[in-house]
Enquirer: 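Have a look at this one.
Throughout, a chain's letter reflects where its sequence line sits, starting with A, and its residues are numbered from 1.
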Amino acid sequence: MPELPEVEIIKRELTLVLVDQQIVSLEIIDPKLKVKPDDVGGKLIKNLIRKGKYLFWIFSDQSSLLVHLGMTGHFLYTSNREHLPYQRALIVLSEGYLSFCDSRRFGKMQYLTMTEREKVMSSLGIDPLSEDYSWDRFEQLFKDKSLSVKNFLMNQKYLAGIGNIYASEILFLSAIHPEKRVSELSLDEKRTLYSSIPVILNRAIVCEGTTIRDYHHSDGSSGSFQYRLRVYNKEGVPCDVCGTEIRRLKISQRSTYYCPNCQKR
DNA sequence: CATTCATCCTGCTGGC
DNA sequence: TGCCAGCAGGATGAAT
């Protein structure tokens with residue numbers, strides 16, 4: 001559900017609310033979540049870090065809480081204690097309450113030591129909006145690979161943060177067919193791809209994310225990048241560059257949208 | 001390495 | 001109106 005831009009917006013919102021606050025207590029409603037109330041009760045939140053679609057709440061003792069929103073996870077910050085639909089956890093803060101809701105229960109919360117967090121972070125690929133994102137590193141990622149460029153973009157161990165919506169949008173902007181093998185990309189195509197990735201992600205951040213069904217801000221409002229989508233969810237709609245109908249195909253069981261004229265094999 | 005498929009979950013929509 | 005198939009911003013692990 002939330003991809004890098006949505007998680008970045010959530011990070012900014014939560015940063016305002018959480019930094020320098022103390023967790024008074026934690027109530028776990030869904031036992032799938034790998035945190036115990038004693039792990040985080042009394043901890044002081046010093047910082048929030050995002051890598052790809054992962055969020056880490058860093059405590060003053062350097063331990064942390066990993067949060068991944070899965071497809072439908074979201075937070076709601078309220079001044080009163082709430083009991084909400086699909087609520088999986090309630091974090092009682094020194095000021096206010098933060099509810100974690102997640103209808104499909106693909107979201108994750110896990111308490112981590114500093115070593116464990118470093119291990120999780122190093123298992124993730126390059127975040128395209130971080131300082132680690134450089135042409136040299138990007139180019140290295142293609143070595144010894146032949147998978148489709150769509151699957152390449154989606155795999156979090158190569159690049160961290162791109163999901164199903166933005167993969168299609170990035171490939172449209174790059175004019176690259178999603179099934180093209182990365183081993184067959186020309187230098188020009190790789191360079192175009194390299195620059196398109198942060199362009200799309202940053203545009204989506206400016207629009208505060210894409211709200212199609214589940215994603216909402218922690219105050220309940222929506223993003224607006226759904227109005228800027230050019231191919232995602234637009235099967236049969238004329239391409240706004242050339243007028244050809246947008247097509248949908250499945251790559252690894254995921255819907256993929258592209259313009260057959262602008263994105264040739 | 002890579003693909004395909006199943007699995008984890010729940011809710012919504014569209015077609016009949 | 002009711003039912004069922006298929007779909008959904010994700011990730012992982014097994015089998016091939």
Side-chain angles (χ1 to χ4, degrees), chain A residues 1-11 29-34 50-55 66-75 84-89 100-110 119-121 123-125 128 140-172 178-184 197 200-201 203-205 207-218 222-236 248-257:
Chain A
M1 163 223 163
E3 305 181 33
L4 186 154
E6 290 75 29
V7 179
E8 176 62 24
I9 295 299
I10 289 164
K11 178 204 160 184
I29 300 157
D30 182 353
K32 263 185 81 177
L33 301 176
K34 297 177 186 166
R50 180 191 60 70
K51 184 165 184 183
K53 304 171 194 174
Y54 284 78
L55 211 51
L66 171 157
V67 172
H68 191 292
L69 299 167
M71 294 279 248
T72 54
H74 59 275
F75 285 103
L84 300 161
Y86 317 115
Q87 190 164 350
R88 308 298 177 200
F100 177 63
C101 303
D102 183 17
S103 63
R104 286 181 76 180
R105 300 172 68 207
F106 288 166
K108 280 184 194 161
M109 280 182 122
Q110 188 172 2
K119 199 174 161 192
V120 172
M121 290 182 77
S123 73
L124 292 167
Q140 288 294 316
L141 296 175
F142 293 97
K143 290 224 183 308
D144 303 320
K145 291 188 182 69
S146 66
L147 75 172
S148 71
V149 63
K150 166 85 172 351
N151 279 339
F152 169 77
L153 292 177
M154 297 275 290
N155 193 323
Q156 305 300 303
K157 69 182 180 211
Y158 307 144
L159 294 168
I162 300 167
N164 209 36
I165 293 181
Y166 299 115
S168 284
E169 295 299 317
I170 287 163
L171 290 168
F172 177 76
E179 284 179 314
K180 191 152 183 171
R181 307 270 131 188
V182 292
S183 52
E184 292 165 353
I197 290 167
I200 291 289
L201 298 176
R203 282 184 193 169
I205 289 172
C207 293
E208 301 187 294
T210 304
T211 300
I212 290 178
R213 65 198 109 229
D214 297 308
Y215 167 71
H216 287 281
H217 301 170
S218 49
S222 300
S224 66
F225 196 72
Q226 61 275 20
Y227 305 118
R228 301 278 171 93
L229 295 174
R230 303 178 82 181
V231 289
Y232 184 82
N233 224 352
K234 291 193 177 292
E235 185 179 21
R248 177 170 76 119
L249 57 83
K250 288 249 180 190
I251 297 177
S252 296
Q253 309 302 109
R254 310 293 304 274
S255 286
T256 307
Y257 301 84

Enquirer: Have A/R104 and A/T72 got a donor and an acceptor in their side chains that come within less than 3.5 Å?
Expert: no

Enquirer: To check you understand the geometry: which heavy-atom pair defines the closest contact between A/V149 and A/V182, and what is its length?
Expert: CA-CG1, 3.8 Å

Enquirer: Can you see which heavy atom on A/I162 is nearest to which on A/L159, and at what distance?
Expert: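 Where A/I162 meets A/L159 most closely, the heavy atoms are CD1-CD1, 4.2 Å.
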
Enquirer: Would you mind classifying the nucleic acid contact of A/T210 as base, sugar-phosphate or nothing, using non-hydrogen atoms under 4.0 angstrom?
Expert: base

Enquirer: Rounded to the nearest Å, what distance is computed from the CD atom of residue A/Q226 to the P atom of nucleotide C/dA8?
Expert: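 These atoms are roughly 17 Å apart.
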
Enquirer: Might you point out which heavy atoms bring A/G73 and A/D102 nearest each other, and give the distance in Å?
Expert: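 Minimum heavy-atom separation between A/G73 and A/D102: N-OD1, 3.3 Å.
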
Enquirer: Give me, pair by pair, the N or O atoms of the protein and of nucleotides 14-16 of chain B that are less than 3.5 Å apart, along with how far apart they are.
Expert:
none

Enquirer: Any base atoms under 4.0 Å from A/K157, or only sugar-phosphate, or nothing? Heavy atoms, all strands.
Expert: nothing

Enquirer: Using Watson-Crick and G-U wobble pairs with both distances under 3.5 Å, what is the 5'-to-3' dot-bracket string of DNA chain B, with [ ] for crossing pairs and | for pairs outside the strand?
Expert: .|||||||.|||||||

Enquirer: Could you tell me whether a side-chain N or O of A/E208 sits under 3.5 Å from a main-chain N or O of A/S224, the two making a donor and an acceptor?
Expert: no

Enquirer: Here's a test for you: under side chain to side chain contact (heavy atoms under 4.5 Å, CB included), which of A/F106, A/Y54, A/F75 qualifies with A/L69?
Expert: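 Only one of A/F106, A/Y54, A/F75 forms a side chain to side chain contact (heavy atoms under 4.5 Å, CB included) with A/L69, namely A/F75.
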
Enquirer: Using the P atom in both, what is the distance from B/dC1 to C/dG10, to the nearest Å?
Expert: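 Going atom to atom, P in each nucleotide, I get 23 Å.
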
Enquirer: What is the separation between atom CZ on A/F152 and atom C1' on B/dC1, rounded to the nearest whole Å?
Expert: 14 Å

Enquirer: May I have the distance from A/E235 (atom CD) to C/dC7 (atom C1'), rounded to whole angstrom?
Expert: 12 Å

Enquirer: What's the closest nucleotide to the side chain of A/N164 if the choices are C/dG10, C/dA8, B/dA2?
Expert: C/dG10

Enquirer: Determine whether A/K53 and A/H68 satisfy the following criterion, side chain to side chain contact (heavy atoms under 4.5 Å, CB included), listing intermediate values before the conclusion.
Expert: CA-CA 7 Å; A/K53 304 171 194 174; A/H68 191 292; 3.8 Å; yes

Enquirer: For A/N155 and B/dA2, give me the distance from atom CG to atom P, rounded to whole Å.
Expert: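 After rounding, the reported distance stands at 8 Å.
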
Enquirer: Any side-chain N or O of A/Y232 below 4.0 angstrom from OP1/OP2 of C/dA8?
Expert: no

Enquirer: Tell me every residue that passes ring pair (Phe, Tyr, Trp, His ring centres under 6.0 Å) with A/F172, counting only those two or more places apart in sequence or in another chain.
Expert: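 Residues passing ring pair (Phe, Tyr, Trp, His ring centres under 6.0 Å) with A/F172: none at all.
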
Enquirer: Among residues at least two apart in sequence or on other chains, which ones pass salt bridge (Lys or Arg N to Asp or Glu O under 4.0 Å) with A/E8?
Expert: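 By the salt bridge (Lys or Arg N to Asp or Glu O under 4.0 Å) rule, A/E8 matches A/R12, A/R50.
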
Enquirer: Do you know which of A/E3, A/E169, A/K150 makes side chain to side chain donor-acceptor pair (under 3.5 Å) with A/N164?
Expert: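 Testing each of A/E3, A/E169, A/K150 against A/N164, the sole residue satisfying side chain to side chain donor-acceptor pair (under 3.5 Å) is A/K150.
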
Enquirer: Starting at CD of A/Q87 and ending at C1' of B/dT10, how long is that distance when rounded to a whole Å?
Expert: 17 Å

Enquirer: So which protein N/O to nucleotides 11-15 of chain C N/O distances come out below 3.5 Å?
Expert:
unit_1 : atom_1 : unit_2 : atom_2 : d
C/dA11 : OP1    : A/H68  : NE2    : 3.0
C/dA11 : OP2    : A/K53  : NZ     : 2.9

Enquirer: Could you tell me how far apart A/D102 (CG) and B/dT10 (P) are, to the nearest whole angstrom?
Expert: 10 Å

Enquirer: Could you pull out the closest heavy-atom pair between A/F100 and A/G107, with the gap in Å?
Expert: CZ-CA, 4.4 Å

Enquirer: Over all strands shown, is A/F142 touching base, sugar-phosphate only, or nothing at heavy-atom distances under 4.0 angstrom?
Expert: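 Nothing: the residue A/F142, judged by heavy atoms under 4.0 Å, touches no strand.
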
Enquirer: May I ask you to check whether over 12 heavy atoms, not counting those of A/K32, lie within 6.0 Å of atom NZ?
Expert: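 More than 12 within 6.0 Å, yes.
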
Enquirer: Where does the angle between the aromatic ring planes of A/Y158 and A/F152 fall among parallel (under 30°), tilted (30 to 60°) and perpendicular (over 60°)?
Expert: parallel

Enquirer: Expressed in whole Å, how much space separates the P atoms belonging to B/dC9 and C/dG6?
Expert: 22 Å

Enquirer: Between the protein and nucleotides 3-8 of chain B, list every N/O to N/O distance that falls short of 3.5 Å.
Expert:
unit_1 : atom_1 : unit_2 : atom_2 : d
B/dT3  : OP1    : A/R181 : NH1    : 3.1

Enquirer: Round to the nearest Å and state the distance from A/Y86 atom OH to B/dT10 atom C1'.
Expert: 7 Å

Enquirer: For A/N233 and B/dC12, give me the distance from atom CG to atom C1', rounded to whole Å.
Expert: 14 Å

Enquirer: Does A/I10 form a side chain to side chain contact (heavy atoms under 4.5 Å, CB included) with A/V67? I'd like the steps, not just the answer.
Expert: CA-CA 11 Å; A/I10 289 164; A/V67 172; over 6 Å; no

Enquirer: Checking side chain to side chain contact (heavy atoms under 4.5 Å, CB included) for the pair A/V231/A/L171: CA distance, chi angles, key distance, verdict?
Expert: CA-CA 10 Å; A/V231 289; A/L171 290 168; over 6 Å; no

